[in-house]
Amino acid sequence: PDDEEVQFWNLFRSQTYAEPDSTVALCESLSERFSDSALMQLAVATAYGSAGEDDHFDRGMTVAAESAPTLAPAALYVAEKDVEKKRHEAARSAAEAVLMRAPDCRAALHLRLRCLLNEQKLEELKGAAEKVVEDFGDEAVGYLYLAEHARARGLSAEEKKHSRQMIKYM
């Protein structure tokens with residue numbers, strides 16, 4: 001059937017109970033039949049990944065991100081690939097776009113802070129990490145990047161203080 005919701009359930013069942021070859025065959029069919037649905041492309045990419053088809057997973061996540069840039073999991077996946085390629089500004093922009101729509105997204109917060117550190121935008125990193133601590137006091141990631149900022153500035157007492165706070169919330 002052409003009912004997308006039914007096909008999501010079929011894909012889920014296939015991932016859960018079927019052999020990887022069956023899941024791959026279903027992925028191929030659904031990717032073609034629902035090529036205009038970013039959510040289906042994301043689901044298919046995830047199913048490919050669970051079936052061990054890394055190239056198809058990568059391609060599917062990229063297609064999903066391109067067809068729906070607001071789809072956070074796909075956008076963050078592509079941003080992580082940008083980090084691997086040392087394209088920190090592009091990755092940070094993607095993380096910030098996700099944060100505009102989902103300000104509590106921990107993966108996007110972490111990615112943004114990591115990019116600021118990699119770009120050596122240390123004062124911006126400090127401000128952003130302080131904001132994370134202010135907004136999410138029990139979240140270790142803010143303290144992690146405050147410690148990284150202190151280390152980059154050679155402030156060992158500050159680094160130790162923030163590291164202790166980070167450990168407290170892990």
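Counting only heavy atoms from C-beta outward, the side chains of Y48 and D55 never approach each other to under 4.5 Å. With contacts defined as side-chain heavy-atom distances shorter than 4.5 Å, the pair R13/N10 qualifies. With a 4.5 Å cut-off on side-chain heavy atoms, L71 and Q41 do not count as touching. Residues K81 and M61 have side chains not in contact (no heavy-atom distance under 4.5 Å, counting atoms from C-beta outward). Looking at R33 and E28, their side chains never come closer than 4.5 Å, going by heavy atoms from C-beta outward. With a 4.5 Å cut-off on side-chain heavy atoms, H56 and C27 do not count as touching. Taking the side chain as every heavy atom from C-beta outward, K121 and R92 approach each other to under 4.5 Å. Looking only at side-chain heavy atoms (C-beta outward), L76 and C105 come within less than 4.5 Å of each other.
Hydrophobic clustering (side-chain heavy atoms under 4.5 Å, transitive across Ile, Leu, Val, Met, Phe, Trp, Tyr) groups L99 together with V133. Placement of L146 and M170 within a single hydrophobic cluster is found when ILVMFWY residues are connected by side-chain heavy-atom separations under 4.5 Å, directly or transitively. Both L122 and V132 are assigned to one and the same hydrophobic cluster, defined by single-linkage of ILVMFWY side chains at heavy-atom distances under 4.5 Å. Cluster membership for L42 and L26, using ILVMFWY side-chain heavy atoms within less than 4.5 angstrom, is shared. Linking Ile, Leu, Val, Met, Phe, Trp and Tyr whenever their side-chain heavy atoms come within less than 4.5 Å leaves M40 and V63 in two separate clusters.
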Exercise for the section: Kindly indicate, with the supporting measurements, whether the criterion salt bridge (Lys or Arg N to Asp or Glu O under 4.0 Å) is fulfilled by E123 and K126. Expected result: CA-CA 5 Å; E123 290 314 304; K126 181 180 180 188; 5.1 Å; no
Practice task
For R164 and E159, run salt bridge (Lys or Arg N to Asp or Glu O under 4.0 Å): C-alpha distance rounded to whole Å, both residues' side-chain angles, the deciding distance at 0.1 Å, then the answer.
Solution key: CA-CA 9 Å; R164 281 193 299 275; E159 179 185 354; over 6 Å; no
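How far NZ of K160 is from CD of Q165: 15.5 Å, rounded to the nearest 0.5 Å. To the nearest 0.5 Å, the span separating CG on L113 from CG on N118 amounts to 11.0 Å. Residue E4 holds its CD atom at 11.0 Å from CG of L11, rounded to the nearest 0.5 Å. Taking CD of E130 as the reference point, atom OH of Y143 lies at 10.5 Å (rounded to 0.5 Å). Between the CG atom of L117 and the NE2 atom of H88 there is a distance of 9.5 Å, given to the nearest 0.5 Å. In this structure, CG in L111 is found 15.0 Å from CZ in R106, a value given to the nearest 0.5 Å.
The aromatic rings of Y77 and F57 sit perpendicular, their planes meeting at an angle over 60°, well past the 30° parallel limit.
For F136, the ring pair (Phe, Tyr, Trp, His ring centres under 6.0 Å) criterion is met by no residue, not counting sequence neighbours.
Across every non-hydrogen atom of A95 and A108, the tightest pair is CB-O, 3.6 Å. Taking every heavy atom of both residues into account, A128 and L116 meet most closely at CB-CD1, 3.9 Å. D82 and A91 get closest at one heavy-atom pair: CB-CB, 3.9 Å. When all heavy atoms of V98 and A72 are compared, the pair lying nearest together is CG1-CB, 4.0 Å. Nearest approach of A43 to F8, heavy atoms of both residues: CB-CE2, 3.5 Å. Nearest heavy-atom pair across A18 and S22 is CB-CB, 3.9 Å.
Other residues sharing a hydrophobic cluster with W9 under the 4.5 Å side-chain heavy-atom criterion for ILVMFWY residues are F12.
The backbone N or O of A147 sits nowhere less than 3.5 Å from a side-chain atom of S163 that would complete a donor-acceptor pair.
Other residues, nucleotides and ligands contribute at most 12 non-hydrogen atoms within 6.0 Å of the CD atom of E32. Sparse packing is recorded around CD of E89, with 12 or fewer heavy atoms of other residues, nucleotides or ligands lying under 6.0 Å away.
Salt-bridge annotation for E80 and R114: present, with a side-chain N of the basic residue lying under 4.0 Å from a carboxylate O of the acidic one.
Side-chain atoms of Q15 and S50 include a donor-acceptor pair closer than 3.5 Å.
Here Y145 and H162 keep their ring centres 6.0 angstrom or further from each other.
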